[in-house]
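Below you will find the structure I want to go over with you.
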Amino acid sequence: MDLSFLKWPIIILVIGSLGFLISSPGIEYMYGKATAGAVGADPAADKANEATLSRLAGLELATFRYKRASEIYDTALKRFPNGKNSWNNWYELARCFEKLEQFDKAVDILVMLRDENADKQDERVASPTQLDARIQKLVEVHELPARPW
């Protein structure tokens, strides 16, 4: 049986589905699914939901929707404070705050990551030396008040 006539409808359906998933309604749909269940009821679902929230926030960050990305990272950190992606979520949340020009919040997170040696927990987080340089640059460029670090 020749099913080659289905090739283009299937390709169009796949592309349309992917387009929906990266659109705002698609992200909100996935966000709703990832936050629907109670945390702790199913460890496998928790792991998948934390990964989903991290990916959604990363997609929002990559598409310049910094406010929504920060909200999703915040949700992921509140729901899964010790999740596999929590250190990287903190790090990316600091990037969101930098883009939103909330430099004091970004510095606070970067200091926390540096002090906790987060790079030892998650290799995606910058080293303490790099974090120090970033902190100093933010403080100097944006003339933030001096704080004891």
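Index from 1, following the sequence. The model shown is predicted, which means the values in this text are computed figures rather than measured ones.
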Q) If every non-hydrogen atom of Ala118 is compared with every non-hydrogen atom of Trp87, which pair is closest and at what distance? A)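 Closest pair (atom of Ala118, atom of Trp87, distance): CB-CE3, 3.5 Å.
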
Q: Mind checking the CZ-NZ spacing from Phe97 to Lys67? Nearest 0.5 Å is all I need.
A: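 Phe97 atom CZ to Lys67 atom NZ measures 9.5 Å (nearest 0.5 Å).
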
Q | Set of side-chain hydrogen bond (donor to acceptor under 3.5 Å, both in side chains) partners for Arg124, sequence neighbours left out | A |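 Testing Arg124 for side-chain hydrogen bond (donor to acceptor under 3.5 Å, both in side chains), a comparison that skips the adjacent residues, returns Asn85, Asp122.
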
**Q.** Side-chain H-bond candidate by donor/acceptor type, Arg65 with Ser24, under 3.5 Å
**A.**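 Arg65 vs Ser24: donor-acceptor pair found between side chains.
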
Q. Pairs in or reaching into residues 129-140: which pass salt bridge (charged side-chain N to carboxylate O under 4.0 Å, His left out), with residues at least two apart or in two chains?
A.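 Sorted pair list: Glu98-Arg134, Arg114-Asp132.
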
Q.
Tell me whether the count of non-hydrogen atoms from other residues, nucleotides or ligands lying under 6.0 Å of CD in Glu28 goes above 12.
A.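 Correct, the count exceeds 12.
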
Let me have the donor-acceptor pairs involving side chains of residues 42-49, under 3.5 Å, with sequence neighbours excluded, atom names and distances please.
residue, atom, partner, partner atom, Å
Asp42, OD1, Ala44, N, 3.3
Asp46, OD2, Gly40, N, 2.8
Asn49, ND2, Ala45, O, 3.2

Q | Minimum heavy-atom distance Ala57-Ala69, with the two atoms named | A |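 Answer, listing the atom of Ala57 first, then Ala69: O-CB, 3.5 Å.
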
Q. Going from CG on Leu93 to CD1 on Ile109, what distance comes out if it is rounded to the nearest 0.5 angstrom?
A.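 Interatomic distance, Leu93 CG to Ile109 CD1, rounded to 0.5 Å: 4.0 Å.
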
Q | Passing option when Leu110 is tested against Val125, Asp115, Leu138 for side chain to side chain contact (heavy atoms under 4.5 Å, CB included) | A |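 Answer to the side chain to side chain contact (heavy atoms under 4.5 Å, CB included) test with Leu110 among Val125, Asp115, Leu138: Leu138.
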
(Q) Rounded to the nearest 0.5 Å, what separates atom CD1 in Ile135 from atom CG in Leu144? (A)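 Here the rounded value is 11.0 Å.
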
Q. Mind checking what makes ring-ring contact (aromatic ring centres under 6.0 Å, His included) contact with Phe103, not counting sequence neighbours?
A.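 For Phe103 the ring-ring contact (aromatic ring centres under 6.0 Å, His included) partners, ignoring immediate neighbours, are His142.
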
Q: Measure the shortest side-chain to side-chain distance between Ser86 and Phe80 over non-hydrogen atoms and say whether it is less than 4.5 angstrom.
A: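 Result no, sub-4.5 Å side-chain heavy-atom pair not found.
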
Q | No-hydrogen, no-angle side-chain donor-acceptor test under 3.5 Å, Asp119 and Ser127 | A |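 Judged by distance alone, the side chains do not pair up.
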
(Q) Using the side-chain contact (heavy atoms from CB on, under 4.5 Å) criterion, which residues pair with Thr75? Sequence neighbours excluded. (A)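 Per chain and number, Thr75 pairs via side-chain contact (heavy atoms from CB on, under 4.5 Å) with Tyr31, Thr35, Leu53, Arg79.
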
Q.
Check for me, please, whether Ile10 and Phe5 land in the same ILVMFWY cluster - side-chain distances under 4.5 Å, paths through other members count.
A.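 Yes, Ile10 and Phe5 fall within the same hydrophobic cluster.
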
Q.
If I take atom SG from residue Cys96 and atom NZ from residue Lys105, how far apart are they, to the nearest 0.5 angstrom?
A.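 It comes to 11.5 Å.
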
Q.
Any non-hydrogen side-chain atom of Tyr73 less than 4.5 Å from a side-chain atom of Leu61?
A.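 Sidechains of Leu61 and Tyr73: in contact.
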
Q: Considering only NZ, NE, NH1 and NH2 on the basic side and carboxylate oxygens on the acidic side, decide whether Arg55 and Glu50 come within less than 4.0 Å.
A: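 Salt bridge between Arg55 and Glu50, a charged N being under 4.0 Å from a carboxylate O: no.
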
Q | Spacing of NZ belonging to Lys84 relative to OG belonging to Ser54, to within rounding of 0.5 Å | A |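 Going from NZ on Lys84 over to OG on Ser54, the span is 10.0 Å.
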
Q. If two hydrophobic side chains count as joined below 4.5 Å and joins carry through other members, does Leu100 share a cluster with Val141?
A.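 Hydrophobic grouping puts Leu100 apart from Val141.
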
Q. What closest approach, in Å, do Tyr91 and Leu113 show between heavy atoms, and which atom pair accounts for it?
A.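 Closest approach of Tyr91 to Leu113, heavy atoms only: CA-CD1, 3.6 Å.
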
Q) In Å, rounded to the nearest 0.5 Å, how long is the span from CD of Glu123 to CG of Asn88? A)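 Rounded to the nearest 0.5 Å, the CD-CG separation comes out at 10.0 Å.
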
Q: Sequence neighbours left out, what passes side-chain hydrogen bond (donor to acceptor under 3.5 Å, both in side chains) with Lys33? Give chain and number order.
A: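 Testing Lys33 for side-chain hydrogen bond (donor to acceptor under 3.5 Å, both in side chains), a comparison that skips the adjacent residues, returns none.
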
